[in-house]
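Report on one structure; see the data block that follows.
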Amino acid sequence: MSEFGTVGFVGLGHMGAPMARQIAGHGYVVFGYDVSEVAHGRAAAAGIEAVELDDVAKQSEIVILMLPDSNAVASVLGDARFLDALSEGALVIDMSSSDPIRTRQLARDVAERQVTLIDAPVSGGVAGAEKGTLTIMVGADEAAFRRAHPVLKTMGRVVLAGPVGAGHTVKALNNLLSATHLWVTSEALLAGERFGLDPQVMLEIFNTSSGRSGSTENKWPNFVLTGSFDSGFGASLMLKDMQIAVNLIGSTGVPGSLGAEATALWARAVEDLGPRADHTEVVAWLRDHSVDQPEE
Ligand code: NAD
């Protein structure tokens, strides 16, 4: 048995599989679980043993969840196979981008079973998961944070954002920013291109000017101009995060009109693109919705 102990990992998708591999690479024994056989194959390729859900819970004092959303998290936490098999005092870390209001409720629910739930969503994409350079934003009390820290730091830079739910809050707000600037960046670049400018040249200028962002520095050069549209982050997952953020903003009384408008635009694109589209494909959607103007 490893001196580092065992970690359970539920959700071995685009992000989960490389994150589990990072943890194992630092000496922990990792037991994985996913509902999908495809994911089991991906985990095996990453050197992660896939077992049944109750075995994950039985074998591990710390279990990480990397699932699509709060519904999936609630279904695992509400699964008797999982909860009954967890040892008293177990720590569950939800690294998915979930809804903070539901996270706080779930944390109260599992606390009745002497289980601690904290949130630690991530930013940095599949590339960051593969390199172990994610930004990990934690919502936890000090004691749970100290307990989670050694495992979390195997995957990237760990920041304590505040109490339970704080990580999920800042993650949703971050993605509202990210999606909104990808959209407006794309409007600007597509318009410049149709006006006769070279997008490479425009990006070079934006990237040393005040218009720069993750969209100009990373997404456009790596996933749009290459034509690959394969960032590994789904458009519908981004929409989920935007909706969480807009609801949160609404609940605080801050006027959230730009965020709400960006979310409505994003929802239209996702409806056309379908549930499997990469989030960078919204640029192709915008291009397809550009219309030819009559010559002056
Ligand atoms: P994904 O769809 O690739 O992976 C999710 C995995 O969860 C799938 O393998 C699915 O089979 C599994 N799953 C779903 N329900 C399950 C259940 N009840 N029990 C066990 N397994 C279940 O998604 P992803 O891109 O890896 O994203 C995971 C989370 O991380 C999401 O909340 C997403 O918003 C967030 N996120 C993704 C990225 C990215 O770049 N992909 C970046 C940061 C955050």
Side-chain angles (χ1 to χ4, degrees), residues 14-15 97 121-131 133-135 137 156-157 170-246 249 255-296:
H14 285 97
M15 294 293 287
S97 304
V122 304
S123 183
V126 174
E130 277 165 356
K131 286 186 266 179
T133 58
L134 294 168
T135 295
M137 36 206 119
R157 194 173 68 88
V170 72
K171 172 64 193 175
L173 294 172
N174 176 76
N175 276 16
L176 180 65
L177 300 183
S178 168
T180 305
H181 63 59
L182 179 59
W183 194 281
V184 76
T185 295
S186 304
E187 286 182 354
L189 281 163
L190 291 172
E193 195 177 32
R194 285 168 79 89
F195 209 69
L197 277 72
D198 180 344
Q200 289 276 20
V201 174
M202 285 188 280
L203 280 173
E204 203 182 309
I205 293 167
F206 290 158
N207 283 337
T208 52
S209 304
S210 49
R212 74 181 174 280
S213 65
S215 303
T216 61
E217 290 176 337
N218 174 29
K219 293 180 187 181
W220 259 78
N222 294 327
F223 306 114
V224 178
L225 289 183
T226 59
S228 69
F229 297 103
D230 64 349
S231 77
F233 181 43
S236 57
L237 288 178
M238 180 67 103
L239 176 60
K240 168 228 10 166
D241 296 339
M242 297 171 83
Q243 287 164 337
I244 293 171
V246 165
I249 290 173
S257 40
L258 176 57
E261 185 60 28
T263 306
L265 291 166
W266 201 279
R268 278 180 54 200
V270 168
E271 200 178 324
D272 289 349
L273 291 166
R276 304 182 73 83
D278 192 85
H279 81 289
T280 54
E281 287 182 59
V282 298
V283 184
W285 184 89
L286 268 172
R287 184 175 272 138
D288 291 346
H289 283 74
S290 305
V291 288
D292 289 331
Q293 299 292 12
E295 298 269 334
E296 293 263 305

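In this chain, residues are counted from 1 in sequence order. These numbers were taken from a predicted model, which means no experiment stands behind them.
Using a 3.5 Å distance cut-off with no hydrogens or angles, the side chains of Glu187 and Trp183 do pair a donor with an acceptor.
For the pair Lys219 and His279, the minimum side-chain heavy-atom distance is below 4.5 Å. The shortest side-chain heavy-atom distance between Arg268 and Trp285 falls under the 4.5 Å cut-off. For the pair Ser236/Arg276, no side-chain contact is recorded, criterion being any heavy-atom separation below 4.5 Å from C-beta on. Residues Asn207 and Trp220 are not in side-chain contact: their nearest non-hydrogen atoms beyond the backbone lie 4.5 Å or more apart. Inter-residue side-chain proximity for Pro221 and Leu203 is flagged as met; some heavy-atom pair is nearer than 4.5 Å. For the pair Phe233/His14, no side-chain contact is recorded, criterion being any heavy-atom separation below 4.5 Å from C-beta on. Looking only at side-chain heavy atoms (C-beta outward), Thr263 and Gln243 come within less than 4.5 Å of each other. Contact annotation: the side chain of His289 approaches that of Asp272 to within less than 4.5 Å [non-hydrogen atoms, C-beta and beyond].
Judged as a ring-ring contact (aromatic ring centres under 6.0 Å, His included), and not counting sequence neighbours, Phe223 has no contacts.
Of all heavy-atom pairs between Gly211 and Thr216, the closest is O-CG2, 3.9 Å. Across every non-hydrogen atom of Ala245 and Leu176, the tightest pair is CB-CB, 3.8 Å. Contact detail for Ala235 and Trp266: the closest heavy-atom pair is O-NE1, 3.1 Å. Considering all non-hydrogen atoms of both residues, Thr226 and Asn222 come closest at OG1-O, 2.8 Å. Residues Ser97 and Asp241 approach most closely at CB-OD1, 3.4 Å, considering heavy atoms. Residues Ser213 and His181 share a closest heavy-atom pair of OG-ND1, 3.4 Å.
Asp278 places a side-chain N or O within 3.5 Å of a backbone atom of Ser231 that can act as its donor or acceptor partner. Using modelled atom types, no side-chain atom of Arg194 and backbone atom of Ser290 make a donor-acceptor pair closer than 3.5 Å.
Taking CD of Glu204 as the reference point, atom CE of Met202 lies at 12.0 Å (rounded to 0.5 Å). Atom CZ of residue Arg157 and atom OG1 of residue Thr135 lie 4.5 Å apart, to the nearest 0.5 angstrom. Note that CG of Leu173 is 12.5 Å distant from OG of Ser178, once rounded to the nearest 0.5 Å. Rounding to the nearest 0.5 Å gives a distance of 14.0 Å between CD1 of Ile205 and CZ of Arg212. Atom OG1 of Thr280 sits about 10.0 Å away from atom CG of Asn218, to the nearest 0.5 Å. Between the CD atom of Glu281 and the CZ atom of Phe229 there is a distance of 7.0 Å, given to the nearest 0.5 Å.
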Trace of the side chain to side chain contact (heavy atoms under 4.5 Å, CB included) decision for Asn175 with Met242: CA-CA 6 Å; Asn175 276 16; Met242 297 171 83; 5.6 Å; no
Kindly indicate, with the supporting measurements, whether the criterion side chain to side chain contact (heavy atoms under 4.5 Å, CB included) is fulfilled by Val122 and Met137. CA-CA 6 Å; Val122 304; Met137 36 206 119; 5.7 Å; no
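Crowding of Glu217 atom CD: a count of heavy atoms from other residues, nucleotides or ligands under 6.0 Å exceeding 12.
The one candidate from Val224, Leu286, Thr185 that meets the side-chain contact (heavy atoms from CB on, under 4.5 Å) condition with Leu190 is Leu286.
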